[in-house]
Protein chains: 2
Amino acid sequence: MVQKGLDAMDNIYLTIYNQLVQQIESGRLRPQSKLPSEYELTKMYDTSRETVRKALNLLAQNGYIQKVKGKGSFVLNVNQMEFPVSGLVSFKELTQRLGKESRTKVISLKAMAPDESVAAHLNISPSQPVWQVIRTRSFQDEAIILDKDHFRQDIVPELTTEICEDSIYEYLERRLDKPISFAKKVITVEEPSEEDWELLDFDGYPMIVVVKNYVYLEDATLFQYTESRHRPDKFRFVDFARRYH
Amino acid sequence: MVQKGLDAMDNIYLTIYNQLVQQIESGRLRPQSKLPSEYELTKMYDTSRETVRKALNLLAQNGYIQKVKGKGSFVLNVNQMEFPVSGLVSFKELTQRLGKESRTKVISLKAMAPDESVAAHLNISPSQPVWQVIRTRSFQDEAIILDKDHFRQDIVPELTTEICEDSIYEYLERRLDKPISFAKKVITVEEPSEEDWELLDFDGYPMIVVVKNYVYLEDATLFQYTESRHRPDKFRFVDFARRYH
DNA sequence: CAGTGGTCTAGACCACGAT
DNA sequence: TCGTGGTCTAGACCACTGG
């Protein structure tokens, strides 16, 4: 699994979680170091132990810390931010966190009827209109990733080139107040299409890594289907998994 | 992210979690259907609401259900078991759940000093001995996956061909009482090595998917490093990720 | 022994959806 | 309004680690 979220609010436990994440990612809390005990955290945040524990459990499940009975909670070095595919974080958020230099180029943006395959992936009728956005992502002046997004038009009524160049997620959550809730990714390796050859700096690679991304709103509506096509030499995906005993 | 664990015990919330997982995976609880309300579950399991909620939160984080305020908890169809790489579940457990026909062949098993690269991955000195296990996994008589495991010998003192053909995880947890706690996977795509050509049924694929797997015990000791090399046409990885608001 | 995390409880108040 | 999930509390008891 992976880092899986952002943003704070008035929740106490999410505030604690986000502050600790920030401290771990910034290096202020070093790997191997011990967090304050749960009791100490209840005093620091003036809250109850179960609330503190909610925050720590989130940290543990996302690979930031390991809790050891009788000893304490310790920072793991397992969860360095990873690029370019990692959890449910937008491209803009990722590049910002990593301080990477990147460029997004909008190849095309249009409202259309979905083709059969896209309609099937989005689980809608082919008569229901969608936005199609095709973008490339470049690093050091090489186009490495080809993103083909499809959005249900009834949920995202308006979309502009400016929004696509910036961050569609930000637009959805901040402007449209449609918070994204969860996503499923499927990673496979396929033969490159002509489009891949055309739009990416391909250097003759014989295969391409395809990340299919299904994105859902809080009421479990599937509203976005994206295919992210990555040049294999630049692809890297990190997963963190816990076993329950 | 992914399904991430197994096994019940005397925990109430893990019992609830495992029973609901079982009902969802078996199809007895269908996608879209509504779970009993938290209040009803407290009566069914004769426990408190926070305990029920712990179970439901695990289900939500692992992609089994979506909770909707004011309405209830609903089964997602997002988390069909996936093959062959998915969370922290052993190969044996996966094939058993899926009823897939597979064969594991032990190519070599030996105690040795780790080479530089393995020592670095395991974060140990090159003088510290390890077990090296090389296995292939076949489906329909095609060798599709090459697994190269390395175990710290101070933690796994004994290993036999029989154990490697069955399940090393089962041996560790049941016989040695060393419960596995978490793992980090790194997925990349590389050029095949001569060993890949030799040991896999390769059909001329020009690239190979490499899954590096770092496995930790409950005290956060890194004790296993595995490289899983997959023929690209048979590779598929599924991730489930949630965003916190 | 004291300090730590793991589990569980019984109850409170809130926000949302359906009626 | 009622039933749902979301957050929070104050306290209990247990199991493990360490001195």
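Here is the naming used below: chain letters follow the sequence lines, and residue numbers restart at 1 for every chain. No experiment lies behind these values; they were computed from the predicted model shown.
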Protein-nucleotide distance (Asp46(B), atom CG; dA10(C), atom C1'), rounded to Å: 13 Å
Counterpart residues, salt bridge (charged side-chain N to carboxylate O under 4.0 Å, His left out), relative to Lys71(A) (two or more places apart): none
Detail all sub-3.5 Å separations between protein N/O atoms and N/O atoms belonging to nucleotides 2-8 of chain C.
from	atom 1	to	atom 2	distance (Å)
dG3(C)	N2	Gly70(A)	O	3.2
dT4(C)	O2	Gly70(A)	N	3.4
dG5(C)	OP2	Glu38(A)	N	2.8
dG5(C)	N7	Arg49(A)	NH2	3.3
dG6(C)	OP2	Arg53(A)	NH1	2.6
dG6(C)	OP2	Arg53(A)	NH2	3.4
dG6(C)	OP2	Lys67(A)	NZ	3.1
dG6(C)	N7	Arg49(A)	NH2	2.7
dG6(C)	O6	Arg49(A)	NH1	3.2
dT7(C)	OP1	Asn11(B)	ND2	2.6
dT7(C)	OP1	Tyr13(B)	OH	3.2
dT7(C)	OP2	Tyr13(B)	OH	3.2
dC8(C)	OP1	Ile12(B)	N	2.7
dC8(C)	N4	Glu50(A)	OE2	2.0

Spacing of Gln66(B) atom CD relative to dG17(C) atom P, expressed in whole Å: 13 Å
Interatomic distance, Leu41(B) CG vs dG3(D) P [rounded to whole Å]: 17 Å
Selection residues 46-63 of chain B - residue pairs positive for salt bridge (Lys or Arg N to Asp or Glu O under 4.0 Å), sequence neighbours left out: Glu38(B)-Arg49(B), Glu38(B)-Arg53(B)
Partners meeting side-chain contact (heavy atoms from CB on, under 4.5 Å) with Ser37(B) (sequence neighbours left out): Tyr39(B), Glu40(B)
Contact list for residues 119-133 of chain A, test salt bridge (Lys or Arg N to Asp or Glu O under 4.0 Å), sequence neighbours left out: none
Side chain to side chain donor-acceptor pair (under 3.5 Å) against Thr42(A), all qualifying residues, sequence neighbours excluded: none
